[in-house]
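Chain letters run A, B, ... following the sequence lines, proteins first and then strands; every chain starts at 1.
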Amino acid sequence: MNSEKIFIGVSWPYASDKVHLGHLAGQYIACDVFARYHRLKGNDVLMVSGSDSHGAPIVLKAEERDISPEELVKESHKQILETYKNLGLLYENYTSTTTQNHKEVVQNIFLVLKERGYLYEGTSQQYYDTKVERYLPDRYVKGTCPECGNTDARGDECPECGAYLNADDLIDPYSTLSDVKPELRDTRHFYLDLKKLEPKLDKWMKESSDNWRKWVREFSKGWIKIGLKPREVTRDMEFGIKVPVKGWEDKVIYVWVEAVIGYLSASIEWAQNINKPSRWEDFWKDENCKHYYFIAGGNTPFHTIIWPAELMGYSEKYSDDTLWEKYKLPGETKREELNLPYDVPANKMLLYKGKKISKGTVDMLTADEIFEKYGADLARFFFIRFAPENHDREFSWEDVVATNNNELVANIGNFVNRTLTFTYTKFDKSVPNGSWDSDVRENIDSAFKEVGEYVEGVKLTKALQRVLALGNFANKYFNDRAPWVDVKEDEGRARDTLFNAIQLTNALRILLKPFTPFGCKRLGKLLNIKDEYDANDVLVEKGLVEESINTWVYEEIEGGREIVKPKILWIKIED
RNA sequence: CGCGGGGUAGAGCAGUGGCAGCUCGUCAGGCUCAUAACCUGAAGGUCGUUGGUUCGAAUCCAACCCCCGCAACCA
């Protein structure tokens with residue numbers, strides 16, 4: 001069995017707001033389809049993510065609600081887990097940035113980067129609110145826009161004229177936290193020296209980005225082309241991971257630098273959870289293990305520039321005896337470098353009424369809402385069918401309904417239903433004995449091959465289209481063979497037709513497993529399939545997949561098998 | 001001249017040098033096993049604009065127009 005190792009990192013949802021449709025379209029469904037496919041294939045999959053639980057917005061939101069940030073984060077985390085469970089989103093480990101383990105790994109990496117000279121101290125000026133005694137991120141300073149004179153401009157941009165600003169550009173600045181005029185104060189920070197890592201990043205990107213989506217590749221190369229700048233990696237704040245350096249106790253590590261380290265710390269935590277503390281090394285140090293990062297488009301530079309830079313800098317630990325001894329990660333035994341991203345299949349933006357989903361619209365577009373209204377399978381089907389893989393995509397509820405009725409129901413659901421009903425009523429509730437039609441067999445085989453290739457290339461929209469093409473073929477086959485005529489005049493021919501139609505039904509069931517797992521499970525019951533090995537079920541039940549069995553293959557349904565009274569798999573939405 | 005993506009039928013999209021395609025919608029027909037579902041056919045496009053390369057361009061090159069995202073503190 002030539003099982004592959006697949007690592008999947010999924011960008012960490014921020015633990016202050018609900019998961020919304022942009023998130024689903026961007027990454028959370030795509031990663032799950034990809035992971036489910038690889039598990040079915042018998043590959044060794046590690047998919048991790050967690051709640052990103054630090055940063056200024058959380059602190060401020062908690063204050064608004066008069067609870068502690070810890071409480072807010074705990075509540076959000078629970079809510080996210082509930083949403084994921086509803087939608088069938090499975091992880092080997094979904095954790096949070098609040099764990100002790102994460103803190104240790106982050107500080108370990110921070111210190112190694114510092115020792116290798118990739119972090120240096122510098123000073124910058126930042127507004128300070130003397131009333132609430134807090135440094136202010138740019139977006140919490142407002143004032144008059146120097147470009148257009150709008151008196152309500154934010155420190156990062158002017159919503160009126162669209163100018164991108166720095167907080168100290170503002171005329172008559174005031175703090176949004178207390179309305180006082182903030183003071184510009186010197187504050188020292190650590191900077192990640194991206195400039196120093198630029199040649200290495202440049203080389204790596206040139207050599208390994210050929211398989212990336214065009215826009216991700218060009219966008220990332222664009223950053224290098226302009227020239228990388230050192231980046232502040234600390235913040236003046238109390239809630240977060242402390243900078244592990246003497247005299248820096250009042251600063252925390254910048255969330256973005258910290259959260260991406262979660263990919264590694266969550267892998268380490270997973271290894272501990274399964275009582276094999278070194279198991280994470282199989283995924284991080286085996287050069288044949290491919291690393292995929294499923295993210296929303298906006299996070300691209302953090303995954304194609306900053307995270308690889310952190311990894312490159314950190315991997316120098318392995319060629320330095322002192323550092324290797326001093327900074328061992330939990331469970332670490334192999335003195336080998338960490339793997340860099342293999343692919344970063346970021347999606348573009350989901351638009352609502354022509355605009356990016358924003359604070360104003362997000363409340364009407366939560367993941368919970370689509371689940372409650374239409375169920376998990378349709379949500380999953382829709383956001384793969386219309387995933388914004390290469391450009392922005394417009395969202396409308398009408399399209400969700402149309403997709404359900406025209407594709408999920410009319411194409412797949414209807415074919416399954418007509419086949420099962422026919423079998424049940426005309427052939428005494430059991431699969432007729434018959435012989436394969438070579439066209440049917442060929443089409444099934446090529447569907448498995450092609451859908452698999454598309455998924456492996458993270459072309460999920462195309463993969464699903466290929467499944468629909470098989471559904472189309474199946475309906476046409478049924479029509480052309482007209483078994484409802486044969487059943488009266490040539491029963492043998494009708495038996496052959498239904499035998500083949502049952503095989504097509506079962507093929508669709510297996511092919512759709514990564515996409516619409518719930519309906520596929522119901523269909524399995526209708527076909528009276530029992531004890532079928534399914535790695536994704538094993539993960540749900542036991543929390544760990546230990547066997548490696550390739551189930552991405554077609555298994556014939558034998559003649560004579562009794563089936564269950566057919567029920568409709570997916571309901572047509574009226575109105 | 002900041003970086004990048006996109007512009008193809010009424011809508012949503014595929015198509016990287018060889019007869020312009022797919023899904024939905026519209027219209028006509030067929031079928032009655034099936035969730036008014038399924039199957040067949042038709043109408044519908046100066047492929048953003050202009051110029052160039054080529055026997056041949058949606059595709060390659062140049063210029064321009066329009067839409068979107070990003071612009072290093074939106075996590």
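- The residues A:E258 and A:R235 are annotated as not salt-bridged, no charged nitrogen and carboxylate oxygen being separated by less than 4.0 angstrom.
- No close placement of the A:F381 and A:W570 rings is indicated, their centers lying 6.0 Å or farther apart.
- Counting only heavy atoms from C-beta on, A:D138 has its side chain closest to B:rC73 among B:rC73, B:rG12, B:rG6.
- Nucleotides B:rC27 and B:rC66 have their C1' atoms positioned 34 Å apart, rounded to a whole Å.
- Electrostatic pairing of A:R495 and A:E491 counts as a salt bridge here, judged by a charged N lying under 4.0 Å from a carboxylate O.
- Between A:K459 and A:E389, none of the side-chain N atoms (NZ, or NE/NH1/NH2) sits under 4.0 Å from a carboxylate O, so this pair counts as no salt bridge.
- Within 4.0 Å (heavy atoms only), A:K462 reaches sugar-phosphate atoms of the nucleic acid but no base atom.
- Between the P atom of B:rU23 and the CG atom of A:N404 lies a distance of 19 Å, rounded to the nearest Å.
- Residue-nucleotide stacking is not present for A:W223 and B:rA72, judged by a side-chain ring centre under 5.5 Å from the six-membered base ring centre and planes under 30° apart.
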Side-chain atoms of residues 422-431 of chain A: list all donor-acceptor pairs with protein atoms under 3.5 Å, sequence neighbours left out, distances to 0.1 Å.
| unit_1 | atom_1 | unit_2 | atom_2 | d |
| --- | --- | --- | --- | --- |
| A:T423 | OG1 | A:T419 | O | 2.8 |
| A:T425 | OG1 | A:T421 | O | 2.8 |
| A:S430 | OG | A:F427 | O | 3.4 |

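- At a threshold of 4.0 angstrom between heavy atoms, the contacts of A:P301 with the nucleic acid are absent.
- Looking at A:R134 and A:D129, no side-chain N of the basic residue comes within less than 4.0 Å of a carboxylate O on the acidic one, giving no salt bridge.
- Listed nucleotides: B:rC74, B:rC39, B:rG15. Nearest to the side chain of A:Y254: B:rC74.
- Ion pairing between a basic and an acidic side chain is recognised when a charged N comes within 4.0 Å of a carboxylate O; A:K251 and A:D236 show such pairing.
- When the salt bridge (Lys or Arg N to Asp or Glu O under 4.0 Å) test is applied to A:E453, the partners found at least two apart in sequence or on another chain are A:K449.
- With both ends at atom C1', the span from B:rG7 to B:rA75 equals 32 Å, rounded to whole Å.
- Looking at A:D152 and A:K142, a side-chain N of the basic residue comes within less than 4.0 Å of a carboxylate O on the acidic one, giving a salt bridge.
- A:E232 comes within contact range of no nucleotide atom at all, as no heavy-atom separation falls under 4.0 Å.
- Residues passing the salt bridge (Lys or Arg N to Asp or Glu O under 4.0 Å) test with A:K195, sequence neighbours excluded: A:E198.
- Here the separation of B:rG30 from B:rG48, taken at their P atoms, is 40 Å to the nearest Å.
- Contact annotation for A:D236: no contact, since no heavy-atom pair falls under 4.0 Å across all strands.
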Base-contact (B) and sugar-phosphate-only (S) positions in nucleotides 31-37 of chain B, heavy-atom cut-off under 4.0 Å, - elsewhere: SSBBB-S
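- B:rG52 and B:rG15 have their P atoms separated by 29 Å, with the value rounded to a whole Å.
- A:G227 comes within 4.0 angstrom of a nucleotide base, judged by non-hydrogen atoms across all strands.
- When rounded to the nearest whole Å, the span between CZ of A:F382 and C1' of B:rC24 equals 12 Å.
- Comparing the C1' positions of B:rU8 and B:rG44 gives a spacing of 14 Å, expressed to the nearest Å.
- Relative to the side chain of A:K229, the nucleotides B:rG12, B:rC39, B:rA72 differ in distance, and B:rA72 lies closest.
- Of the listed nucleotides (B:rA75, B:rG4, B:rU23), B:rA75 has the atom at the smallest distance from the side chain of A:V255.
- Looking at the side chain of A:W215, the nearest of the listed nucleotides B:rC68, B:rC13, B:rG5 is B:rG5.
- Closest contact between the side chain of A:Q126 and the listed nucleotides B:rA14, B:rG4, B:rC73 involves B:rC73.
- Helical stems of RNA chain B (runs of at least 3 Watson-Crick or G-U pairs, donor-acceptor distances under 3.5 Å) are listed by first residue: B:2-7 with B:65-70, B:10-13 with B:21-24, B:26-30 with B:38-42, B:48-52 with B:60-64.
- With P as the reference atom, B:rU53 and B:rA11 are 34 Å apart, rounded to whole Å.
- Taking atom C1' on both nucleotides, B:rC47 is separated from B:rU59 by 10 Å, rounded to a whole Å.
- Distance from the side chain of A:F219 is smallest for B:rG4 among the nucleotides B:rC39, B:rG4, B:rU23.
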Name the atoms and distances for all side-chain donor-acceptor pairs under 3.5 Å in residues 225-233 of chain A, with sequence neighbours left out.
| unit_1 | atom_1 | unit_2 | atom_2 | d |
| --- | --- | --- | --- | --- |
| A:E232 | OE2 | A:S124 | OG | 3.2 |
| A:E232 | OE2 | A:Y191 | OH | 3.4 |

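- Distance from the side chain of A:R139 is smallest for B:rC74 among the nucleotides B:rC39, B:rC74, B:rG5.
- Nearest-nucleotide assignment on RNA chain B puts the 5′-proximal partner with A:E407, out of A:L136 and A:E407.
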